[in-house]
Amino acid sequence: MLKHTVIKRGLATANPLIIKNSRIQASVILSRPPQITRDATPFEKAYFDYREKLERQEATTTPTDFYFKKGSVAERRWKHEEQARQNAMKDPSTSLSEALQASQVSWEKENEGLTVSTKLEKLERVTEADDKNNKKSLDRALQQTLYLVVKPSGDSSWQFPQGPIDTTEYLHEAAERTLSEQCGVDMDTWFVGRQPIGFYKENSQQPGLKVFFMKARVYAGQVKPNKEITDFAWLTKDELSNHLSSEYYKAIKDCLGDI
């Protein structure tokens with residue numbers, strides 16, 4: 001345990017902690033979890049289509065007279081979709097879901113006046129932030145986890161929000177303070193635990209540097225960096241490898257989710 005007395009302070013760290021000629025710092029791996037399910041892989045799509053066709057082949061015929069009024073719009077639409085399904089059953093290269101989707105699109109175009117009141121609109125899986133490659137937006141890469149990285153003033157390298165630990169605070173307290181000082185207080189965040197999930201050591205200067213990474217989640221809000229931060233970005237794991245230094249990324253890559 002680094003210390004056991006909690007004292008309220010300002011932005012400055014009065015007594016930075018140094019142990020065995022190493023400056024001790026706390027960092028925050030702040031993430032936004034995926035907001036939608038990921039797209040299925042080609043193998044998964046093929047497997048699901050195989051299972052769906054197999055179940056359909058073994059299923060009994062739907063009693064249309066029981067479910068639909070004869071001559072109704074619902075009956076006509078169902079027959080239109082059923083014809084598409086039957087055609088897909090004869091063509092191994094066409095999946096049932098793709099055939100059904102194409103049937104629904106063609107039906108809505110041919111019967112636009114009948115479907116206005118019941119038409120459902122699906123939200124796009126690609127957002128405006130994706131199209132504009134806006135890496136400051138949390139409304140991007142909805143299928144993946146995003147991680148917050150910052151660029152300190154006077155330093156060209158990216159890193160997770162991090163700062164020195166005072167001799168009067170615990171690791172998780174230093175991490176929470178650093179995040180609020182560098183990135184503002186307008187984010188609703190939750191620190192997963194009080195134990196670090198990763199560690200990075202740098203001996204390029206004296207005294208050396210040891211960084212302990214704490215895990216946290218963001219639920220709402222946005223970064224409002226202070227003067228010490230010149231830039232910030234919300235990046236996926238693959239994008240982090242292109243922004244962080246190789247040694248820094250190697251130290252934390254196993255702490256990051258693959259989705």
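Bear in mind that the values here come from a model prediction, so they are computed numbers and not experimental data.
In this structure the side chain of S157 never reaches within 4.5 angstrom of the side chain of S245, judged on heavy atoms. For the pair Y249 and L240, the minimum side-chain heavy-atom distance is below 4.5 Å. The side-chain heavy atoms of C183 and V150, taken from C-beta on, include a pair separated by under 4.5 Å. Using a 4.5 Å cut-off on side-chain heavy atoms (C-beta onward), S153 and K227 make no contact. Between T94 and N87, the closest side-chain pair of non-hydrogen atoms is not below 4.5 Å. Within the 4.5 Å cutoff, the side chain of R38 has heavy atoms near those of the E44 side chain. You'll find the side chain of V149 stays beyond 4.5 Å of the side chain of H243, heavy atoms only. In this structure the side chain of I252 reaches within 4.5 angstrom of the side chain of F160, judged on heavy atoms.
In this structure, D231 CG and K151 NZ are separated by 6.0 Å, a value rounded to the nearest 0.5 Å. To the nearest 0.5 angstrom, M89 atom CE is 8.5 Å from L54 atom CG. Taken from CD in Q144 to CZ in R32, the straight-line distance is 9.0 Å, to the nearest 0.5 Å. For the atom pair CD1 of I197 and NZ of K215, the computed distance is 6.0 Å after rounding to the nearest 0.5 Å. Residue Y147 holds its OH atom at 12.0 Å from CG of L244, rounded to the nearest 0.5 Å. Atom CD1 of residue I24 and atom CD1 of residue I165 lie 6.5 Å apart, to the nearest 0.5 angstrom.
Atom CD of Q143 sits in a crowded spot, with more than 12 heavy atoms from other residues, nucleotides or ligands closer than 6.0 Å. Counting heavy atoms of neighbouring residues, nucleotides and ligands inside a 6.0 Å radius, atom CZ of R56 exceeds 12 of them. Within a 6.0 Å sphere centred on CZ of F43, other residues, nucleotides and ligands contribute 12 heavy atoms or fewer.
In the hydrophobic cluster analysis, where Ile, Leu, Val, Met, Phe, Trp and Tyr join through side-chain heavy atoms closer than 4.5 angstrom, W234 is grouped apart from I29. Placement of L148 and I229 within a single hydrophobic cluster is found when ILVMFWY residues are connected by side-chain heavy-atom separations under 4.5 Å, directly or transitively. Cluster membership check: L30 does not share its hydrophobic cluster with L142, using side-chain heavy-atom separations under 4.5 Å among Ile, Leu, Val, Met, Phe, Trp and Tyr. Follow the hydrophobic side-chain contacts under 4.5 Å out from L235 and you never reach F232; the two are in separate clusters. Under a hydrophobic-cluster definition in which Ile, Leu, Val, Met, Phe, Trp and Tyr are linked whenever side-chain heavy atoms come within less than 4.5 Å, directly or via other members, W78 and Y67 are assigned to the same cluster.
Taking the six-membered ring for Trp and thresholds of 30 and 60 degrees, F212 and F199 have ring planes inclined between 30 and 60 degrees apart.
At distances below 3.5 Å, at least one donor-acceptor pair connects side-chain atoms of K53 with backbone N or O atoms of A88. Between the T127 side chain and the D139 main chain, a donor and an acceptor come within less than 3.5 Å of each other. Of the possible polar contacts, one joining the Q182 side chain to the Q162 backbone as a donor-acceptor pair under 3.5 Å is found. A distance-only check finds no donor-acceptor pair linking the side chain of Q25 to the backbone of L209 [under 3.5 Å]. In this structure a side-chain-to-backbone donor-acceptor pair under 3.5 Å is present from D130 to A141. Judged by distance alone, the side chain of N226 and the main-chain N or O of E181 form a donor-acceptor pair under 3.5 Å. R125 places a side-chain N or O within donor-acceptor distance of the main-chain N or O of T37, the cut-off being under 3.5 Å.
Among F191, Y248, Y200, the one residue that satisfies the ring pair (Phe, Tyr, Trp, His ring centres under 6.0 Å) test with F213 is Y248.
Smallest separation of non-hydrogen atoms from G163 and T178: N-CG2, 3.5 Å. The minimum heavy-atom distance between R85 and L100, with the atom names listed, is NH2-CD1, 3.6 Å. Considering all non-hydrogen atoms of both residues, S31 and T145 come closest at CB-CG2, 3.7 Å. Residues P164 and R177 approach most closely at O-NH2, 2.8 Å, considering heavy atoms. Residues V28 and A216 come closest through the heavy atom pair CG1-CB, 3.9 Å. Shown here for K132 and E128, the closest heavy-atom pair between the two residues is NZ-OE2, 2.8 Å.
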- Item | Steps toward side-chain hydrogen bond (donor to acceptor under 3.5 Å, both in side chains) verdict (S137, N134) | CA-CA 6 Å; S137 174; N134 181 7; 4.5 Å; no
- Test V218 against D188 for side chain to side chain contact (heavy atoms under 4.5 Å, CB included), laying out the working first. CA-CA 6 Å; V218 61; D188 181 11; 6.0 Å; no
- Test side chain to side chain contact (heavy atoms under 4.5 Å, CB included) applied to M187 and L179, step by step: CA-CA 10 Å; M187 288 189 293; L179 181 63; 4.3 Å; yes
- Determine, step by step, whether E75 and K79 satisfy the salt bridge (charged side-chain N to carboxylate O under 4.0 Å, His left out) criterion, reporting the C-alpha distance in whole Å, the side-chain angles of both residues, the deciding distance to 0.1 Å, and the verdict. CA-CA 6 Å; E75 182 192 39; K79 286 183 176 180; 3.7 Å; yes
- Item | Steps toward salt bridge (charged side-chain N to carboxylate O under 4.0 Å, His left out) verdict (R77, E81) | CA-CA 6 Å; R77 177 164 187 162; E81 295 175 354; 3.3 Å; yes
- Just do the salt bridge (charged side-chain N to carboxylate O under 4.0 Å, His left out) check on R76 and E110 with the steps written out, would you? CA-CA 12 Å; R76 286 154 46 200; E110 296 170 4; over 6 Å; no
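Salt-bridge check for D49 with K45: failed, with every basic side-chain N at 4.0 Å or more from each acidic carboxylate O.
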